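Okay, structure first, notes after.
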2 protein chains.
Amino acid sequence: MADRAAVPEVIWARPERTGRGPKPAFTRADIAAAAVRIADASGLDGVTMRQVAAELGCGTMSLYNYVPRKEDLYELMIDAIGAEHEMFEPSGDWRADMLRNAEETRAIMYRHTWVPRLMPGVFGFSPNTLRYLEHCLACLEPLDVPAGTKTELIALLNGVVTTYTGNEIATAERTRAMPWSAEEENAVRMAYLGSQIATGAYPRLTASFTEQSGPVDLEAVFRRALERILDAFDPDLR
Amino acid sequence: MADRAAVPEVIWARPERTGRGPKPAFTRADIAAAAVRIADASGLDGVTMRQVAAELGCGTMSLYNYVPRKEDLYELMIDAIGAEHEMFEPSGDWRADMLRNAEETRAIMYRHTWVPRLMPGVFGFSPNTLRYLEHCLACLEPLDVPAGTKTELIALLNGVVTTYTGNEIATAERTRAMPWSAEEENAVRMAYLGSQIATGAYPRLTASFTEQSGPVDLEAVFRRALERILDAFDPDLR
DNA sequence: GCGCACTACGTACGTTGTACGTAACTACGA
DNA sequence: TCGTAGTTACGTACAACGTACGTAGTGCGC
């Protein structure tokens, strides 16, 4: 029996096929694509080993020949959507390029709303992740700061993109999944917040709430956050 | 029978006790404390309805009298650790105060390593969350920007603290939970990264890796990220 | 003092990840 | 050329999870 048990292993380090025995029926890409298809259609919770196997048309346990743990399936999924990133030719304007990268990541997340929920748990540097990092570094070539600072900029931007977009998606999905209407939910929330505000314990918070009129433009907030971070790394603004 | 079914409800809007029938055996605080105790000791995955009930010394299903869904239990937990935040008197130096707030949040997360994993899923503005936001706004009183901008600063800071600290914790826990040693894991990872680098497909990434010598000072990276964000909101630096 | 709204909790169901055993298959060493 | 070792494939089975449901007991408001 194959030792599929505990072995210090990044799935990307394990060769895709081994040569001996029957030909594998699927590639990793097949499996990743099936999982992505399910996640897009039914959400991340729809991605079960049984469902993925059914989508592929094979027995549940056969999957474990390709993916030692479910966690590794997630890794495959993240790598798969990483291929959607357009690795454009750097323009020479590092700010514009990084904005474009961020905006594209955001778009990918809106296309695959399960990505933000998966990101924090993914650690193996998948091929497409490495390609993306390399691409970002290429975009940052004109920026005259140490390499370590560039890495920090990339990490900070990616983190903000994930956090902001993930929050928006989670809020949207929350209202969608509920058996009651969004208005109803909002009414209950507002009633609660109103009752809290009425206690007078949160004067500044109350002022902040009442001051702002109309709905928040999430995209604008997102853009401002990005710009601010770019400002903070821009030597020309110091 | 009580209708514990789908109702648009924030748990904080539901009154803690109703007056009729037998006195409840526990308060929400009891339950939250029990869940926090378990999470601290056995991780977030140890927090099951059965475990929490056992910790309280009651039947599993009795919990559902207090907490309609497990998700609401999480909400209770987040609120409970929110009480650990020290709401100090603002010093008048908003940068120093916000740094202190961030550093304290980070410390709380290191004390309760499950917090970052829970944060993205928590939406109900719990009492302690409101108190914390109010406190942040008090610290930002000397900052001369619109109220909306202050809110954005708070959100950005909190997001970065959660992301950075959460990543660190996840990495640490990952190596701890593994049946193999951290050195072994690291060796495998490095061997893999080395093999990728050897392909020559990632020249800039390779340079960045080899350029940096010695381990990364995570706390310093964290501090720099905070300072940069504060810079970006500081009118005196524009 | 009656009844209703609540608490308490055992049982049970559906679903999950995955350990394990078995059977079939093929590339390699002899 | 032929075993045989290392695979793939997959059915069965198990422990653990969230929680629906039913029943029994309790005490406040009318």
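Quick caveat: nothing in here was measured; it's all calculated off a predicted structure. A note on names: the letters A, B, ... follow the listed sequences, proteins ahead of strands, and every chain is numbered from 1.
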Using whole Å, what does the distance between atom [atom2] of nucleotide [N] and atom [atom1] of [X] come to?
X      : N       : atom1 : atom2 : answer
Y64(A) : dA13(D) : OH    : C1'   : 14 Å
L44(B) : dC17(D) : CG    : C1'   : 14 Å
Q51(A) : dG14(C) : CD    : P     : 17 Å
N65(B) : dC6(C)  : CG    : P     : 11 Å
D72(B) : dG18(D) : CG    : P     : 14 Å
M61(A) : dT22(C) : CE    : P     : 15 Å
K70(B) : dG18(D) : NZ    : P     : 4 Å
L56(A) : dT8(D)  : CG    : P     : 15 Å

So what does T48(B) hit on the nucleic acid, given a heavy-atom distance under 4.0 Å: a base, only sugar-phosphate, or nothing?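 T48(B): backbone/sugar contact only, no base atoms under 4.0 Å.
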Just checking A53(A): base, sugar-phosphate only, or nothing, at a heavy-atom cut-off of under 4.0 Å?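 Nothing, no heavy atom under 4.0 Å.
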Any N or O donor-acceptor pair linking the side chain of R50(B) to the base of dG18(D) at under 3.5 Å?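 Indeed there is one.
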Does a donor on one side chain and an acceptor on the other come within less than 3.5 Å for E16(A) and T27(A)?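 There is no such pair between these side chains.
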Is any side-chain N or O of [X] closer than 4.0 Å to OP1 or OP2 of [N]?
X      : N       : answer
S62(B) : dC9(C)  : yes
K23(A) : dA27(C) : yes
Y66(A) : dA9(D)  : yes

D79(B) bridged to R131(B) by N-O distance under 4.0 Å: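 Salt bridge absent between D79(B) and R131(B).
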If the threshold is 4.0 Å, N to carboxylate O, is there a salt bridge linking R106(A) and E168(A)?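 Judged by the 4.0 Å cut-off on N to carboxylate O distance, R106(A) and E168(A) do form a salt bridge.
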For the side chain of P24(B), starting at C-beta, report the closest nucleotide among dT7(C), dC17(D), dT18(C).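 Closest nucleotide to the P24(B) side chain: dT7(C).
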Of G46(B) and G59(A), whose closest DNA chain D nucleotide lies nearer the 5' terminus?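 Upstream on the strand: G59(A).
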Apply salt bridge (Lys or Arg N to Asp or Glu O under 4.0 Å) to the pair E71(A) and R174(B), showing each step before the final yes or no. CA-CA 12 Å; E71(A) 179 183 311; R174(B) 197 182 163 80; 3.3 Å; yes
Between D45(A) and C58(B), which residue's closest nucleotide on DNA chain C lies nearer the 5′ terminus?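 With C58(B) and D45(A) compared, the 5'-side residue is C58(B).
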Counting distance only, does the side-chain N/O of N158(A) pair as donor-acceptor with the main-chain N or O of A155(A) below 3.5 Å?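 No, the answer is negative, given that no donor and acceptor are paired below the 3.5 Å cut-off.
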